[in-house]
Amino acid sequence: MTATSALAHTYHPLPVTIARAQGTHVWDTDGIEYLDFLAGYSALNFGHLQQGVVAAAMDQLKRVTLTSRAFDHDKLEEFANRLAAFVGPLTTGGAESLVIPMNTGAEAVESAIKTVRKWGYDVKGVPADQAKIIVADGNFHGRTTTIVGFSDDPVTRDGFGPYAPGFVSVPFGDVDAVAEAIDDTTVAVLMEPIQGEGGVVLPPDAFWPTLRALTEEHGVLLVADEIQSGLGRTGTTLASELWGVRPDLVCLGKALGGGIVPVSAVVGRRDVIEVLTPGTHGSTFGGNPLACAVGLAVLDLLEPGQYQARTVQLGEVLAERLDQLVEAGLLQAARTVGLWAGIDVDPARGTGRDLCGALLERGVLAKDTHGSTIRLSPPLSIVQPELEQALDLLEDALRSLAPAEVDVDA
Ligand SMILES: *Cc1c(COP(=O)(O)O)cnc(C)c1O
């Protein structure tokens with residue numbers, strides 16, 4: 001980027017300009033090859049230019065790409081039905097689930113917020129404009145004005161008020177705090193099963209099952225934002241499955257678009273989503289033919305379960321190596337689930353960005369989330385030798401950051 005660039009300064013990217021990609025690799029404008037260990041924040045779960053997804057997109061590009069929802073098209077119901085059949089049974093909506101097709105993740109979250117509020121007024125009998133939604137400290141649900149209003153990250157939130165009322169934030173993983181926050185106006189609990197942007201933060205094991213029981217008991221809807229955690233990343237189709245929990249609604253996004261177009265959705269209970277009637281919600285691009293074709297190709301990849309299975313297997317390799325780096329004192333902490341890890345660098349060695357810079361020099365693309373924390377989320381299509389190579393390079397990068405006096409001891 002040049003000093004005179006017209007690009008708004010909303011990002012501070014690492015110094016690499018990508019020109020080409022295939023599978024787990026990208027090449028910069030000088031032809032230098034990198035392993036992609038961010039995978040578009042999990043939007044590229046199946047790697048770059050996955051053959052089946054590209055073929056489906058190309059095929060659709062020759063037929064019809066956009067109709068608007070004013071008219072039906074021949075991929076819309078198929079996409080909704082297949083997504084409901086695949087993800088619905090992982091929610092309390094079961095195979096009868098409904099699907100709201102949208103585009104970006106933030107739109108899926110906004111759609112879920114609208115749905116649970118309307119359910120609160122129409123079904124639960126909450127007085128007008130009193131609906132309350134409980135969220136978690138450290139959350140990340142997107143960038144709209146409503147959503148950033150219930151973030152507790154000052155960089156994300158500050159300066160964008162006035163903020164929408166109706167949200168109460170409690171410590172992530174603290175079910176007693178949720179219980180205390182619930183009252184007659186509470187319509188839903190909205191949380192990420194595992195906080196991705198927060199640094200792959202896992203709640204205590206009892207949290208999700210207890211929260212499920214609590215919300216059921218109080219007639220409060222449980223909404224899981226699986227936009228980053230879902231669709232194979234954790235070795236299961238939904239992260240909620242790790243705790244045997246079925247949310248009432250799930251938000252999907254990122255990987256649902258196969259790395260090609262933004263595709264998001266809310267999936268879950270028919271009786272809840274049915275509160276939306278014609279005209280009450282919509283999107284010009286939501287459920288467009290190209291998005292549906294791509295989404296269907298993504299379902300083709302996920303339905304057999306092979307991506308999930310290999311993610312479990314390779315996740316063990318990842319966890320073991322990261323734990324070794326912690327034991328060796330090269331990392332302060334590592335949290336791994338499936339092919340997803342949050343690693344904390346000792347601030348004395350450098351920031352997360354310093355480590356990302358050292359990784360970049362060694363041919364690995366990764367991104368810090370905040371401070372000294374980096375999220376690793378390689379494509380689920382990665383093969384073990386690539387994973388091991390990247391972990392060797394991570395170890396080398398960490399050693400290069402070591403303070404001088406530690407180097408002498410080593
Ligand atoms: C990325 C993300 C979003 C927002 O998705 P966009 O497509 O960027 O709007 C929402 N929730 C979670 C958990 C995410 O990781």
Side-chain angles (χ1 to χ4, degrees), residues 8 10-11 13 38-45 87 100-116 133 135-153 155-157 160 167 169 172-173 188-203 208 222-234 237-240 242 247 249-268 283 285-288 291 294-295 298 335 337-342 367-370 373-377 380:
T10 50
Y11 283 87
L38 178 62
Y41 306 96
S42 278
L44 289 155
N45 275 3
V87 172
I100 311 170
M102 297 297 286
N103 310 285
T104 64
E107 286 175 311
V109 173
E110 289 277 353
S111 302
I113 291 169
K114 287 176 70 176
T115 303
V116 300
I133 296 172
V135 298
D137 297 351
N139 71 71
F140 182 83
H141 297 286
R143 301 290 195 165
T144 64
T145 48
T146 291
I147 291 172
V148 300
F150 59 83
S151 165
D152 61 1
D153 173 8
V155 180
T156 301
R157 180 180 200 266
F160 301 115
F167 299 93
S169 192
F172 183 54
V189 173
L190 163 66
M191 288 180 190
E192 302 154 85
I194 297 164
Q195 292 185 328
E197 205 59 28
V200 190
V201 178
L202 287 124
W208 277 95
L222 184 58
V223 184
D225 179 348
E226 294 257 12
I227 290 165
Q228 192 167 154
S229 60
L231 305 181
R233 177 55 56 190
T234 62
T237 298
L238 296 184
S240 303
L242 295 170
L249 300 177
V250 292
C251 298
L252 300 174
K254 292 199 164 92
L256 192 57
I260 297 190
V261 283
V263 184
S264 69
V266 180
V267 184
S283 163
F285 288 92
N288 71 72
V294 164
V298 165
R335 301 165 294 279
V337 54
L339 277 172
W340 204 23
K367 175 76 173 73
D368 47 310
T369 60
H370 49 247
T373 300
I374 294 179
R375 161 197 24 215
L376 303 176
S377 54
L380 310 182

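Atoms within each ligand, like the ligands themselves, are counted from 1 in listed order.
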Of all the atoms in ligand 1, which lie at a distance below 4.0 Å from a heavy atom belonging to [X]?
X	answer
Ala106	4 (C), 5 (O), 6 (P), 9 (O)
Lys254	1 (C), 2 (C), 3 (C), 14 (C), 15 (O)
Asp225	10 (C), 11 (N), 12 (C), 13 (C)
Thr104	7 (O), 9 (O)

Under 3.5 Å between some N or O of ligand 1 and some N or O of [X]?
X	answer
Glu107	no
Gln228	yes
Gly142	no

Heavy-atom protein neighbour under 4.0 angstrom from atom 9 (O) of ligand 1: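 Protein heavy atom within 4.0 Å of atom 9 (O) of ligand 1: present.
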
Under 3.5 Å donor-acceptor, Arg157 side chain and Gly149 backbone: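 Yes, the answer is positive, given that a donor and an acceptor are paired below the 3.5 Å cut-off.
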
Donor-acceptor contact present, side-chain Asn45 to main-chain Gly232, <3.5 Å: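 Pair absent, no side-chain N/O of Asn45 close to backbone of Gly232.
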
Atom 5 (O) of ligand 1: the protein heavy-atom neighbour that sits closest, reported with distance to 0.1 Å: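 Nearest neighbour among protein heavy atoms for atom 5 (O) of ligand 1, to 0.1 Å: Gly105 CA, 3.3 Å.
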
Verdict with supporting geometry, Arg375 and Glu197, salt bridge (Lys or Arg N to Asp or Glu O under 4.0 Å): CA-CA 8 Å; Arg375 161 197 24 215; Glu197 205 59 28; 3.0 Å; yes

Side-chain touch Ser377/Leu38, heavy atoms, less than 4.5 angstrom: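 Yes. Closest side-chain heavy atoms under 4.5 Å.
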
Atom CZ of Phe172: over 12 foreign heavy atoms under 6.0 Å: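 Yes, the 6.0 Å shell around CZ holds more than 12 heavy atoms from other groups.
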
Ligand 1 contact on Tyr41 by region, counting heavy-atom pairs under 4.0 Å: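 Neither; no heavy atom under 4.0 Å.
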
Trace of the side chain to side chain contact (heavy atoms under 4.5 Å, CB included) decision for Asn139 with Glu192: CA-CA 7 Å; Asn139 71 71; Glu192 302 154 85; 3.8 Å; yes

Short side-chain donor-acceptor distance under 3.5 Å, Ser169 and Asp152: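 Ser169 and Asp152 do not have a side-chain donor-acceptor pair below 3.5 Å.
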
